[in-house]
Engineer: 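Before I ask anything, let me first share the structure, which is written out below as structure tokens.
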Amino acid sequence: MAQETLPKSYEPAQVEERWYAYWEREGLFTADPAGKGPAYSIVIPPPNVTGQLHMGHALNNTMQDIMCRYKRMLGYEVLWMPGTDHAGIATQNVVERQLASEGKTRHDLGREAFIERVWEWRAEYGGKIINQLKRLGSSCDWSRERFTMDEGLSKAVREVFVRLYEEGLIYRGDYIINWCPRCHTALSDLESEHEEVKGGLYHIRYPFKNGKGYLVVATTRPETLLGDTAVAVNPDDPRYQELADDMVLLPLIGRELPIIRDSYVSTDFGTGALKITPAHDPNDFMIGQKHGLESLRVMDDNGTINQAGGPYAGLDRFEARKVMLADLEKQGLLEKQEDYLHSVGHCYRCKTMVEPILSKQWFVKVGPLAEEALGAVRDGRTKIVPAQWEKTYYEWMTNIRDWCVSRQIWWGHRIPAWFCSCGELIVSRTTPEKCPACGSSELTQETDVLDTWFSSALWPFSTMGWPDQTPELSKFYPTSCLVTGFDILFFWVARMMMMGLKFMGEVPFTDVYIHALVRDASGQKMSKSKGNVIDPLIVMDEFGTDAFRFTLAAFAAQGRDIKMSEERIAGYRNFVNKIWNAARFTLMNLGEDEPGQLPEEPTLEDRWILSRASRVAQEVGRAIEEYRFNEAASTAYQFVWHEFCDWYLELAKGPLYDDSDRKRQEATRAVLAEVYSRLLRLLHPFMPFVTEELWQRLPGSEGSIMKAPWPGDHDDQIDPQAEHDMGLVMEVIGAVRNIRGEMSISPGKVVPVVLSASDDGALEVLKAQAARIQSLAKTQELAWTKEGEQPAKSAGAALSEVNVFVPLEGLVDFSAEEARLEKELAKLDKEITPSRKKLTNQGFLAKAPEAVVAKEKAKVAAAEDKITRLKESLVRVQSFR
RNA sequence: AGGCACGUAGCUCAGGGGGAGAGCGCCACCCUGACACGGUGGAGGUCCCGGGUUCAAAUCCCGGCGUGCCUACCA
């Protein structure tokens, strides 16, 4: 019967590829908008086309895949919408780098040819990240794969832009924006990342025009003084109530600047006098507007001082700073400089220091949109998990500023706006033929493109065909859940909320699950420069995808970062192998035949394992639904390894190997097959590959495990009595094993065991299970004695309802046994002390709930009973010493 | 400057008002007919510190200390 059906250990490589191809071929990932099941939908956070699978993707997509596979097994019609993001700046950078290696710039090609080149790049490399997601096992509906630059999505972008413009929610104007001098584009506030930088605070003398001394101004960016158009002091500052003059001369340049008074200036920072550079600082811009000051831009798009900078024109901004400070020093105008730590914006793409510059840009007026988006979370239409992120979301949404959406790059959705020589601005869904104002056909389209996040914000509905009314939208919108990292809560989630509510009139998703970051083993953020990156693809090669996915799930506790190390993955690789070997055992014993029906009269271990399997499936299901992936994973792990493998398989060996009782043997096979089948299904969302492989080998299984039902519906098999009785048996076996271990009795030695029980029920159970106890504890035929009596010269254990004795004269070292008993007594005593104290506390007896008091009493009684019995044993042992 | 999280076994962390848990590591024994990527047994904790609430606090509240992270226009 026991023939070799599987190799001794699991080899993931071929298995994974084969089953993924099978799933795709069978169309098992495809969502049907006309499907009967209730809808469950997720849109993937689209990775950048330039992306390479990293730990963050792996975690994020593993979670989505767990949800989707689980829901499919429950009978939902599942749509997991995949795709990629055109990632404007990042992609443009990649292609520009490629050009640079050919000695060219994008300007050599010109706009159209460059864009052509990006598409070519995408055709060649854009599928990489998608294939890597497939490697992970992601069950996305690839037939619907989208790209943010696709025609359909572009149409959605234009529609949204035009409608927002028409409603006055998009405007164009001159404001201070964050400019990246390297990427040559404006950035939104979010794309400017603040970082602490060691700089200087420079105190510069601005001479009064009348020559009577000077006003000292403090600044961190002295080079911008070229653009100063005023100096401001606080009107209440006692130091500046009476000034020598109301005009100063701009150092190095000599331009006359008015001294203005504005309460914005703080009196307790620097010198209390503030230089005003409206074209290069947001606050100065505001003050400038208020006081009608001129805005003088002194830097060009490269961060180089322009013609307005006079003698400094042509110098790079950092060079200019150095030169100007030297000149100020020379002229005695640099009063002092001190080290100063402050946070400065950096481009989130290239880390270049961002320059605040006055510029004409397009903005989304987010106030009204944010209001709606705020409300939808407040009233629970969208739930953010874990809930602490809701606070962060509120915080940001309430203090939100208008969103600069124009970018001065070439790769992206070109803004659908045209300028006429007559000055008319036309915003339109389609390319206009002529100017509605003057009739001219000399129209030029805006050269700016939109922020990539503008199109991502539409993702949940643009991917489903909006603005058309599609079956996909009616079946799958709003989506059920969005799974993402907190780092794009504002960038993406918040904006999808705004756009979804605005254009669909409904939230884009009912749940948002925010997961943590994957770090290295010591808690450091993984980064190429630190060299501590663990590459998921290498990990999957080495340990198998299933082990990797399970590791991610097992460590994904809400609100805590995941510290990843190969050692940990190896641990779960062992688990996969354990499953493999449990299958090996199961399949060897099942043979070729389809397993029969579950027995009418199951044994205790059958009832127990069915009960446990039923409970565990429910617990795991509940945990998945509540995004407690770690609990789901560890519940499954615990059950499979420590209940099914450690106990059930061992117990089942008895009847399986006993050819004298064919009926029992068949019955056991049936239970084994059933529980094993459930266990595979239970694990499938976490470990899709190995479970499919084993499922296909299970006699009687039909089709893919993906379509098998989730094993959560077996309430009728939950059997507390069986669980209790089995507990008793386990306890006895444990006690014998403990005595063996502690007394150094060799594992091969078959020992005699004598049992007694105070309770008839317990006694009956143990007698019925004698054969199992005998085999798992390696004992001779069990002997029985009356409660209160014990065999001479034995080691003993006092269990809750049972006494266990191992009479082994010659093998038991009595002083060792004495020590063991004393240790046991001390442990019990320590354990029970808090309960004893409680029971002497009048307050406790009076105020604690009755059930709690009863429980404490029972606890103490049980412990004391054990103590009595142990002491009897102790006295006896001592008498032999 | 504000906000949020975290501090539990050697390590990594679950748990979250009434019996201190897991994985890995460690110690001992064992290649028992699924698995040495394994089995059996064992050792190991002032649940950061100090107050408070409560009959009862690792758990709730306040205050420290420490560690991360996020947001912010004070030059």
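In what follows, every chain begins at residue 1, and chains take the letters A, B, ... in the order their sequences are listed. All heavy atoms count here, side chains included; hydrogens, waters and symmetry mates do not.
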Engineer: Looking at Phe490(A), is Arg495(A) sitting on its ring face, NZ or CZ under 6.0 Å from the six-membered ring centre and within 45 degrees of the normal?
Structural biologist: no
Engineer: Within residues 560-571 of chain A, find the residues that approach RNA chain B with a heavy atom at under 4.0 Å, and present them sorted by residue number.
Structural biologist: Arg560(A), Lys563(A), Arg568(A)
Engineer: Looking at Ala279(A), is its backbone amide N or carbonyl O close enough to the side chain of Thr277(A) to form a donor-acceptor pair, meaning the two atoms are under 3.5 Å apart?
Structural biologist: no
Engineer: For the rings on Phe543(A) and Phe550(A), is their centre-to-centre separation under 6.0 Å?
Structural biologist: no
Engineer: Nearest to the Asn577(A) side chain among rC4(B), rG18(B), rC35(B), which nucleotide is it?
Structural biologist: rC35(B)
Engineer: Strictly under 3.5 Å: I want the nitrogen or oxygen pairs between protein and nucleotides 39-43 of chain B, one per line.
Structural biologist:
residue, atom, partner, partner atom, Å
rG39(B), OP1, Lys578(A), NZ, 3.0
rG39(B), OP1, Trp641(A), NE1, 2.6
rG41(B), O3', Asn738(A), ND2, 3.4
rG42(B), OP1, Asn738(A), ND2, 2.9

Engineer: Would you confirm whether the ring centroid of Tyr637(A) sits within less than 6.0 angstrom of the ring centroid of Phe686(A)?
Structural biologist: no
Engineer: Begin from the C-alpha positions of Asp339(A) and Lys198(A) and carry the test salt bridge (Lys or Arg N to Asp or Glu O under 4.0 Å) through to its verdict.
Structural biologist: CA-CA 7 Å; Asp339(A) 289 342; Lys198(A) 264 182 275 176; over 6 Å; no
Engineer: Distance check, P atoms only: rA58(B) and rG21(B), in whole angstrom units.
Structural biologist: 15 Å
Engineer: Side chain of Lys8(A) only, please: which of rA14(B), rC4(B), rC35(B) is the nearest?
Structural biologist: rC35(B)
Engineer: Just compare rC55(B), rU12(B), rA75(B) and give me whichever is closest to any side-chain atom of Val265(A).
Structural biologist: rA75(B)
Engineer: Please check if the side chain of Glu335(A) supplies one atom and the backbone of Ile204(A) the other of a donor-acceptor pair under 3.5 Å.
Structural biologist: no
Engineer: Tell me the interatomic distance from Gln558(A), atom CD, to rG16(B), atom P, rounded to whole angstroms.
Structural biologist: 11 Å
Engineer: Rounding to an integer number of angstrom, what distance separates rG45(B) and rG7(B) when you compare their C1' atoms?
Structural biologist: 14 Å
Engineer: Can you tell me how far P of rG38(B) sits from CD of Glu650(A), to the nearest Å?
Structural biologist: 14 Å
Engineer: Paired with rG2(B) by Watson-Crick or G-U wobble geometry, both distances under 3.5 Å: which nucleotide is it?
Structural biologist: rC70(B)
Engineer: Ignoring hydrogens and angles, tell me if any N or O in the side chain of Arg221(A) forms a donor-acceptor pair with the backbone of His280(A) under 3.5 Å.
Structural biologist: yes
Engineer: Taking the P atom in each of rG2(B) and rG50(B), what is the distance between them to the nearest angstrom?
Structural biologist: 27 Å
Engineer: Drop me the distance from Ile562(A)'s CD1 to His515(A)'s NE2, to the nearest 0.5 angstrom.
Structural biologist: 8.0 Å
Engineer: Can you tell me if Lys275(A) touches the phosphate of rA75(B), counting only side-chain N or O atoms and a distance under 4.0 Å to OP1 or OP2?
Structural biologist: no
Engineer: rC73(B) base to Tyr264(A) side chain: any donor-acceptor pair below 3.5 Å?
Structural biologist: yes
Engineer: Quick one: which of rG19(B), rC73(B), rC37(B) gets closest to the side chain of Asn283(A)?
Structural biologist: rC73(B)
